[in-house]
There are 4 protein chains.
Amino acid sequence: MPQPQPAGFNRKSPIQGRAKQTVATILEATARILTEEGSERLTTNHLARRAGFSIGTIYQYFPNREAIVLALVERQRAEVERRVKAVLAGGEDAGPEARIAQIVRTLHQAFAVHRAPQRRLVQALLRLAATQGIPTPPDTVARAIFTIWRDAKGGRAPGESDVFVLTQSLFETLRQATLQSSPLLGTVDFEEALLRMVFGCLRGASQS
Amino acid sequence: MPQPQPAGFNRKSPIQGRAKQTVATILEATARILTEEGSERLTTNHLARRAGFSIGTIYQYFPNREAIVLALVERQRAEVERRVKAVLAGGEDAGPEARIAQIVRTLHQAFAVHRAPQRRLVQALLRLAATQGIPTPPDTVARAIFTIWRDAKGGRAPGESDVFVLTQSLFETLRQATLQSSPLLGTVDFEEALLRMVFGCLRGASQS
Amino acid sequence: MPQPQPAGFNRKSPIQGRAKQTVATILEATARILTEEGSERLTTNHLARRAGFSIGTIYQYFPNREAIVLALVERQRAEVERRVKAVLAGGEDAGPEARIAQIVRTLHQAFAVHRAPQRRLVQALLRLAATQGIPTPPDTVARAIFTIWRDAKGGRAPGESDVFVLTQSLFETLRQATLQSSPLLGTVDFEEALLRMVFGCLRGASQS
Amino acid sequence: MPQPQPAGFNRKSPIQGRAKQTVATILEATARILTEEGSERLTTNHLARRAGFSIGTIYQYFPNREAIVLALVERQRAEVERRVKAVLAGGEDAGPEARIAQIVRTLHQAFAVHRAPQRRLVQALLRLAATQGIPTPPDTVARAIFTIWRDAKGGRAPGESDVFVLTQSLFETLRQATLQSSPLLGTVDFEEALLRMVFGCLRGASQS
DNA sequence: CATGAATGAGAATTCATTCAT
DNA sequence: TATGAATGAATTCTCATTCAT
């Protein structure tokens, strides 16, 4: 972010860089409020103050309040997606059960955040997501799981309903455990129960 | 307050009767707004107008806005509970699979409301429930299912995690299908997928 | 308050008796609320509930809310007046200083209520009196004091201003001490300081 | 924020200036309402309208309605304090009686406002002060009077009670005279009676 | 680009009082 | 007389958003 520059040279890039930095600062402040003060204190004015900008600046980067929350949710979602993809990519040589177990473990860990602040953030986002028009979890994970299973075990292709049920059962159970701050979250027991449910869906779907 | 009474005497105390009628009218108006106009129009003033009472009357019967929604949710919840109980009570002679299938079907039907207005109401209530401090679905249904299964098949007792996963997978999948107005809702396919998930949980839990 | 009476005889009296009882109950409930819950909870509806009557009944006996408070203030004022009169009547043979000291002591004791509930009531009434159009303390006490002094010591008659200053200095100092829950209230020190002030007014007035 | 500045530079930061101006306008409007319409018309909406701002602006500068009144009371109180301090500072060479008389005269004049509007404002503020948690008059004035007296006449130090009684007798008598719109207020007679009361307190306190 | 003063529709809630029964 | 359901004007305060500087 150099101030004095060769005149007329590449003026855009540093500015874009600053913009990116500003957006990041705003999102960070949003996360901090959600974490430390609760979603009802997430007003645009308060956010501006905590971010160290004026409200006007906030509106320079986001069209409205909702967009800010959406951006934060998206950031979180992308992080989970990234992790799952990493698992899908790696470990091609492991057995199907092991790979599926790994996927479930990854998701579990993404939700089972233990440090209180981070956890409160995830909770707040999940709660806001319910109110606003926030995209549902993608069925890519469920589809990937079905694919791994079929590639190894064969059986018929899963129907729409199978994918839907698996996606929702997996994500929503984790979501609810998080929202309720369930003590089960993070335990081996819980993960195993989840896994049994997943395998139940798989076996059922391919047999019937 | 005995139910069967000498004819011609079957009249509630007029005062209590009026009050009960008023409460019913208020709840009906609430449902109508949620159904026809959306939850963001559910303001106390607007509700009063649509109910045909003054705002003061609303507050004579409910301590605050939230309580009204809560009452409506409770009404709905009680209805589902009633239906599930009926299933649990009857059909003692059918096989375990049949009985469990019946329970799942009942739940499915409770969520798969087809008449648009009623459906919008259920959606609105589910969405409001997420915001407000509304009780999570009871695990009684999941426990009942496990009991039916074990009574017939034996196996180890389900753990906390098993119950939690089954409860959430079942209710949340239905909840999400409803919220998303999924076209799967109400189809045989969907019900079967649900059922496979349930049996997967049961088999997994009793074996491992 | 006899219930069964010779038929057709003096029907008014028992009814008046009941009315008096009702009014008393209402005032008592008012005092209780002021004492136990604070003046901001003194709403007509709440008062009715605590008095065990319906609001309608309250309005049968008082034209409006203000009148209830006024009646209570009046009751309290009458009590103080009664006590001062008793002092003025008795002790004719004591010296003027002693008699005046007795009057001041009586007033002091009337305000220096030590039992918390009673004290809160006096405070609440004083505060309400400030808001509503409630009569100021009568100057009869000040006049009586001046008379006692002149009868013994001679000097010129007190002017309007002298009476006003003495009345206000005396009552308002006590009022403020009560409102502020001053620890001085009730002490010998405080009473002596008050007395010095009173004698200062008297000496000054008769000399100049 | 230096007071004397190079001419032509004596301008507050435009931003602070606007804010200060707005606050002043709001307080002025508050005073105008209290003066012309009475305290029961001092609602936030009405105030906003009369101030020529939107209601939101009012709340940008004051956290709630009470704070507005408080600010006005404070302004008034500061003015009286300023005047009394000026008297205390000046006239060091005059005799103690003369200086005390000057203090009493200053207070008297502060309360004896003759122009009707200003007077109604003082009344309204005094009345509101009784309702809200507004600070009682400071005992600095009474202490100063005692000090002047003792420096000249000697005698024992005044006790807590002496200070309290003098403070309250002085301020509350003036307050009541103002609230009751007493015709005595502003007369020589009244001031003399006040002065006699004050000297009575002084003499009594130092002797006994 | 940044600022932040100003906006104002609209939300929830209160409570003295009335009046049909 | 007594009741208490119903009234509804009025109040305080919030907060997303705009726009002149």
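Values below: every heavy atom of this structure, side chains too, minus hydrogens, waters and symmetry copies. Convention: sequence-line order gives letters A, B, ...; per-chain numbering from 1.
- D:Lys20 has its NZ atom 17 Å from the P atom of E:dG4, to the nearest Å.
- Using a 4.0 Å heavy-atom criterion, one finds that B:Phe62 contacts no nucleic acid atom at all.
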**Prompt:** Passes side-chain contact (heavy atoms from CB on, under 4.5 Å), A:Leu72 versus A:Leu121? Steps please.
**Reply:** CA-CA 10 Å; A:Leu72 204 58; A:Leu121 175 59; 4.2 Å; yes
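- If you measure from atom CZ of A:Arg49 to atom C1' of E:dA5, you get 13 Å, rounded to the nearest angstrom.
- Residue B:Ile26 contributes atom CD1, which lies 11 Å from atom C1' of F:dA5 at whole-angstrom precision.
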**Message:** Walk along nucleotides 14-21 of chain E from 5' to 3' and tag each nucleotide B, S or - by protein heavy-atom contact under 4.0 Å, base first, then sugar-phosphate.
**Reply:** BBBBB---
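- Considering only residues two or more places apart in sequence or on other chains, C:Thr57 meets the side-chain hydrogen bond (donor to acceptor under 3.5 Å, both in side chains) condition with C:Ser54.
- Proximity of D:Arg65 to D:Leu42: side-chain heavy atoms (C-beta onward) are separated by under 4.5 Å at one or more points.
- Phosphate contact (OP1/OP2 of E:dG8, side-chain N/O of D:Ser54, threshold under 4.0 Å): absent.
- The separation between C:Arg50 atom CZ and F:dG4 atom P is 18 Å, rounded to whole Å.
- Checked against side-chain contact (heavy atoms from CB on, under 4.5 Å), A:Ala124 has the following partners two or more places apart in sequence or in another chain: A:Leu34.
- In this entry the distance linking CZ of A:Arg41 with C1' of F:dA16 reads 16 Å, nearest Å.
- With sequence neighbours excluded, the residues that form a salt bridge (charged side-chain N to carboxylate O under 4.0 Å, His left out) with B:Glu36 are B:Arg50.
- Both C:Phe53 and B:Phe53 lie close to DNA chain F; mapped to their nearest nucleotides by heavy-atom distance, the more 5′-ward contact belongs to C:Phe53.
- The nearest whole Å value for the distance from the CD1 atom in C:Ile58 to the C1' atom in F:dG4 is 12 Å.
- Counting to the nearest Å, the C1' atom of E:dA11 and the CG atom of B:Leu47 are 13 Å from each other.
- Listed by chain and residue number, B:Glu28 satisfy the salt bridge (charged side-chain N to carboxylate O under 4.0 Å, His left out) test with B:Arg75 (two or more places apart in sequence, or in another chain).
- Under the side-chain hydrogen bond (donor to acceptor under 3.5 Å, both in side chains) criterion, C:Thr25 pairs with C:Gln21, sequence neighbours left out.
- In this structure B:Phe62 satisfies the side-chain contact (heavy atoms from CB on, under 4.5 Å) test together with B:Val23, B:Ile26, B:Leu27, B:Ala67, B:Ile68, B:Ala71, sequence neighbours excluded.
- Straight-line distance between the P atoms of E:dC1 and F:dT21: roughly 23 Å, to the nearest whole Å.
- For B:Gln123, the side-chain hydrogen bond (donor to acceptor under 3.5 Å, both in side chains) test picks out B:Ser181, with sequence neighbours left out.
- Where DNA chain F pairs in unbroken runs of 3 or more (Watson-Crick or G-U, both distances under 3.5 Å), the stems are E:2-21 with F:2-21.
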